[in-house]
Enquirer: 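Input: one structure, supplied below.
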2 protein chains.
Amino acid sequence: MEAARLTVQDLGYGGLSFRELAKAVGIKSASIHYYFPTKGALGEAIMRRYVEHYARYLEGILEGGADRATALRRYTDVFRETLLNGNRLCLAGMLAAERNELPAEVRAEVVAWGEMNERWIARVLALGGAAGAEDLRGRARAIFAAVSGAQMVAHGRHEVAVYDEVVATYRASGLIP
Amino acid sequence: MEAARLTVQDLGYGGLSFRELAKAVGIKSASIHYYFPTKGALGEAIMRRYVEHYARYLEGILEGGADRATALRRYTDVFRETLLNGNRLCLAGMLAAERNELPAEVRAEVVAWGEMNERWIARVLALGGAAGAEDLRGRARAIFAAVSGAQMVAHGRHEVAVYDEVVATYRASGLIP
DNA sequence: ACCTGAACACCGTTCAAGT
DNA sequence: ACCTGAACACCGTTCAAGT
């Protein structure tokens, strides 16, 4: 699973090969089909594991009692770390691009990733104690989209500095509190 | 070229097949290799054509004498139209995700797309006549990244409404003037 | 229960052979 | 100059056959 995740983040869903993966874990490609009948089933499992991992991680930040600015800093650092790790793109970002050729079960997990991120950001925004009339969920979605875009653009240029610069501009403009 | 572009925007670089493309244009796959020796050469040509097309289109907006707000509205509408057209992603956005498995010549065109967009947005921002001390290029890059991210998230959900909502939030927050 | 080799229809690429 | 069929090593998937 771990080897498969790293491959997808590196080369995309299309770049994930049963034969290569089998070689990496020391069995034959047909054997992987015993556990994951189709590539879609494998992709779904990888993605589900990814969402759960980061849901736990982000939950930990809030349980640690971080304030709004600190929590959002930790959040943007997550996407930064992914870039530092072999110029990788967020797994869901990778799959979102390939959406139109993904099996339905993998698409569903990509949507789950976005919803998990938005829910978490909305909770963090609420920490500010600002007006309750504010549309926190919409604002959270915009932050999620903007950060994802910053990662994608920096990934395309293979320069972490681009990510840092763009995210800093988001903060300066007030999009990210 | 047109058929190839639509396929890449729909299914990604990996989803583009010489055999399928040949079928679409009525020749054999080996014949395409006569014009484009490798898939990288074909990808480069598609991408270059794409950048030039939109460079002309955006240039036209400025020559038409649009003011800042109008020009930026037309800009975000370009990405919106792409989503409406079969839930397609911007060609460069598609390729940026697949970056790590792209041939070098295609990567270079993806970077060229970003630079073209940033230059144009910076010129539009200057129309505002605001302080010259402002870092227009950095701001332009942030807008480009944010709009690209909005398109990607909306693409992953297959909902144009998500794009509209996120871009509206960018405007409300002041990121996009 | 878990693994495998062999087959199937796909893929990009090459190349000798055609007009 | 332009096109083609055939071959090569890849791909996901299936399945009968092994332990």
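Lettering of chains follows the sequences in order, A, B, ..., and the numbering in each one begins at 1.
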Enquirer: So, is A/Y34 near the phosphate of C/dT4, with a side-chain N or O under 4.0 Å from OP1 or OP2?
Expert: no
Enquirer: Could you note down all residue pairs passing salt bridge (Lys or Arg N to Asp or Glu O under 4.0 Å) where residues 92-115 of chain B supplies at least one of them, sequence neighbours left out?
Expert: B/R48-B/E109
Enquirer: Do A/Y13 and A/I32 sit in the same hydrophobic cluster, where Ile, Leu, Val, Met, Phe, Trp and Tyr count as joined when their side-chain heavy atoms come under 4.5 Å apart?
Expert: yes
Enquirer: Of all residues at least two apart in sequence or in a different chain, which pass the ring-ring contact (aromatic ring centres under 6.0 Å, His included) check with A/F18?
Expert: A/H33
Enquirer: For DNA chain C, determine which residues of residues 93-110 of chain B have any heavy atom closer than 4.0 angstrom to one of its atoms, and list them numerically.
Expert: none
Enquirer: Looking at D/dC2, I'd like to know if its phosphate oxygens (OP1 or OP2) sit under 4.0 Å from a side-chain N or O belonging to B/S31.
Expert: no
Enquirer: Are A/M152 and B/V110 co-members of a hydrophobic cluster defined by side-chain heavy atoms under 4.5 Å apart?
Expert: no
Enquirer: Write down the protein N/O and nucleotide N/O pairs, taken from nucleotides 14-19 of chain D, whose separation is under 3.5 Å; answer none if there are no such pairs.
Expert:
none

Enquirer: May I ask you to evaluate whether A/Y35 reaches the phosphate of C/dA1, defined as a side-chain N or O under 4.0 Å from OP1 or OP2?
Expert: no
Enquirer: Scan the side chains in residues 86-95 of chain A for donor-acceptor partners under 3.5 Å anywhere in the protein, sequence neighbours excluded, and list what turns up.
Expert:
{"residue": "A/N87", "atom": "ND2", "partner": "A/H155", "partner atom": "O", "Å": "3.3"}
{"residue": "A/R88", "atom": "NE", "partner": "A/L6", "partner atom": "O", "Å": "3.2"}
{"residue": "A/R88", "atom": "NH1", "partner": "A/N85", "partner atom": "O", "Å": "3.1"}

Enquirer: Under the side-chain contact (heavy atoms from CB on, under 4.5 Å) rule, collect the residues that match up with B/A142, sequence neighbours excluded.
Expert: A/V166, A/T169, A/Y170, B/L175
Enquirer: Using a 4.0 Å cut-off on heavy atoms, which residues in residues 1-28 of chain B reach DNA chain D? List them by number, or say none.
Expert: B/R19, B/I27, B/K28
Enquirer: Any donor and acceptor pair, going by atom type alone, linking the side chain of A/T7 with main-chain N or O of A/A3 inside 3.5 Å?
Expert: yes
Enquirer: According to salt bridge (Lys or Arg N to Asp or Glu O under 4.0 Å), does anything in residues 52-64 of chain B pair up with another residue at least two apart or in another chain? List the pairs.
Expert: B/E59-B/R123
Enquirer: Can you list everything that forms a ring-ring contact (aromatic ring centres under 6.0 Å, His included) with A/Y75? Sequence neighbours excluded, please.
Expert: A/F79, A/W120
Enquirer: Which pairs pass salt bridge (Lys or Arg N to Asp or Glu O under 4.0 Å) with one or both residues in residues 154-174 of chain B, sequence neighbours excluded?
Expert: A/E118-B/R157, A/R141-B/E165, B/R80-B/D164
Enquirer: Go through B/L16 and B/L42 one step at a time and tell me if the side-chain contact (heavy atoms from CB on, under 4.5 Å) criterion holds.
Expert: CA-CA 10 Å; B/L16 175 65; B/L42 175 57; 3.9 Å; yes
Enquirer: Using Watson-Crick and G-U wobble pairs whose two distances are both under 3.5 Å, how do you write the pairing of DNA chain D as dot-bracket, with | for links to another strand?
Expert: ||.|||||...|||||.||
Enquirer: What pairs with A/Y50 under ring-ring contact (aromatic ring centres under 6.0 Å, His included), at least two apart in sequence or on another chain?
Expert: A/Y54, A/W113
Enquirer: For the backbone of B/T76 and the side chain of B/Y163, can you confirm whether one donor and one acceptor N or O come within less than 3.5 Å of each other?
Expert: yes
Enquirer: Using atom NZ of B/K39 as one end and atom P of D/dA9 as the other, report the distance to the nearest whole Å.
Expert: 20 Å
